[in-house]
Number of protein chains: 2
Amino acid sequence: MNKYSVLKEALKDSGLRYTQQRQTVWDELCSTSDHRDAEDIYVTLVRNGLSVSRATVYRTIEVLVKKGLARKLDIGDGRSRYEMRQDNSHHDHMICVNCGRIEEFVDLRIEELQKDVAVSNSFILKTHKLQLYGLCRDCQ
Amino acid sequence: MNKYSVLKEALKDSGLRYTQQRQTVWDELCSTSDHRDAEDIYVTLVRNGLSVSRATVYRTIEVLVKKGLARKLDIGDGRSRYEMRQDNSHHDHMICVNCGRIEEFVDLRIEELQKDVAVSNSFILKTHKLQLYGLCRDCQ
DNA sequence: TTATATGCAAACCCTTTGCAATCCG
DNA sequence: CGGATTGCAAAGGGTTTGCATATAA
């Protein structure tokens, strides 16, 4: 299953059409493991001579996120970031307040304690968001 | 130290002027322990016949947050929420995805593990944001 | 063919800002 | 008095949307 069929299948599943623009956006998202905003993706595509509009970038990303092919990340600066969904594992983020770098981490102990907190508050936990803000290795 | 002097002192400390509008916004923020957005505060004040502009609400809230009298909360829906700072204790939030209710919680074990994660990633932790999304007691 | 997707620009939403008028100290 | 604060409306930044045109199936 190559990168073309991944998208094609996902679209077909939802009765959506396979278009050049959607493939283009998906390719760009897959080209790095970074957490990028929509404008960044749009500008890169245009700079590379690819034909896509900003509106289509936004609309395509929305489709990808809904289909589970991409993840949306909100770090609180007013712009949403997107990352290709690498696998099924959930992860949280460490954000460098100096250089903006975003690193991922997983801590199962914390995940467990969150469930704990939910239970003791009679809260049915659906998702969570944990972000650590500070200085990355290079910015200290 | 009544609610008037709290604000007066804080403003004086920063060489800022004590104004009717600032007191008005601060009073409104203190009137509940809810997490409210700027528009909500503005509309309530106007509805109560108080004279203040939207711009002043935003500017005042910013002053209060900077002075540590209020806290800003971003739950990822595009609007910032504000709460009066009750005491010095940090806390995280549980957000009901059905009714929007926001409850607070503290879990020292999780706080400790966050420090742990930071250390093992050579990350200098400054702040963090942890939000649990799900269904509150009443919405299950 | 024909309904879905695209591109464009305008609209949106929340928030910030420039500037003249007002007010605190 | 004189600079800080206010109100207004316009601008800003990111994102969404209406509509005519283009295109996948």
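Here is the naming used below: chain letters follow the sequence lines, and residue numbers restart at 1 for every chain.
- End-to-end axis angle of the helix from C:dT1-D:dA25 to C:dG25-D:dC1, from C1' rotation axes over five pairs per end: 30° (rounded to 10 degrees).
- Identified under the salt bridge (Lys or Arg N to Asp or Glu O under 4.0 Å) test for residues 12-21 of chain B, with sequence neighbours left out: none.
- B:Glu83 places none of its side-chain heavy atoms less than 4.5 Å from the side chain of B:Thr32.
- Comparing B:Arg81 and A:Gly15 against DNA chain C, the residue whose closest nucleotide sits nearer the 5' end is A:Gly15.
- No more than 12 heavy atoms of other residues, nucleotides or ligands lie within 6.0 Å of CD in B:Gln20, so this atom counts as exposed by the packing criterion.
- Nearer the 5' end of DNA chain D, as judged by each residue's closest nucleotide, is the contact made by B:Tyr42, out of B:Tyr42 and A:Tyr82.
- Ionic pairing of A:Glu103 and A:Arg101 is present here: one or more N-O contacts between side-chain nitrogen and carboxylate oxygen are shorter than 4.0 angstrom.
- Residue A:Leu130 is tested with B:Gln131, B:Lys129, B:Gln114 for a side-chain contact (heavy atoms from CB on, under 4.5 Å); the sole match is B:Gln114.
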Let me check something: any side-chain donor-acceptor pairs from residues 59-69 of chain B under 3.5 Å, sequence neighbours excluded? List them with distances.
unit_1  : atom_1 : unit_2  : atom_2 : d
B:Thr60 : OG1    : B:Thr56 : O      : 2.8
B:Glu62 : OE2    : B:Lys66 : NZ     : 3.3
B:Lys67 : NZ     : B:Ser14 : OG     : 2.6

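- Contact annotation for A:Arg79: backbone-only contact, meaning every heavy-atom pair under 4.0 Å involves sugar-phosphate atoms and none involves a base.
- At the heavy-atom level, B:Arg22 lies under 4.0 Å from the strands shown only through sugar-phosphate atoms.
- Partners of B:Lys115 under the side chain to side chain donor-acceptor pair (under 3.5 Å) rule, at least two apart in sequence or in another chain, are B:Glu112.
- In summary, contact between chain B and DNA chain C, defined as any nucleotide atom under 4.0 Å from a heavy atom of the protein, begins and ends at C:dC14 to C:dG25 in the 5' to 3' direction.
- Along DNA chain D, the stretch of nucleotides lying under 4.0 Å from any heavy atom of chain B spans, 5' to 3', D:dG2 to D:dC8.
- At a threshold of 4.0 angstrom between heavy atoms, the contacts of A:Ser51 are confined to the sugar-phosphate backbone, with no base atom among them.
- In this structure the side chain of B:Arg71 never reaches within 4.5 angstrom of the side chain of B:His35, judged on heavy atoms.
- No side-chain heavy atom of A:Val106 sits under 4.5 Å from any side-chain heavy atom of A:Asp92.
- A salt bridge links B:Arg36 with B:Glu28: the closest approach of a Lys/Arg side-chain nitrogen to an acidic carboxylate oxygen falls below 4.0 angstrom.
- Along DNA chain C, the nucleotide nearest B:Ala55 and the nucleotide nearest B:Thr19 are compared for position; the residue whose nucleotide lies closer to the 5' end is B:Ala55.
- A:Leu132 is not listed as a side-chain neighbour of A:His93, based on a closest heavy-atom distance of 4.5 Å or more.
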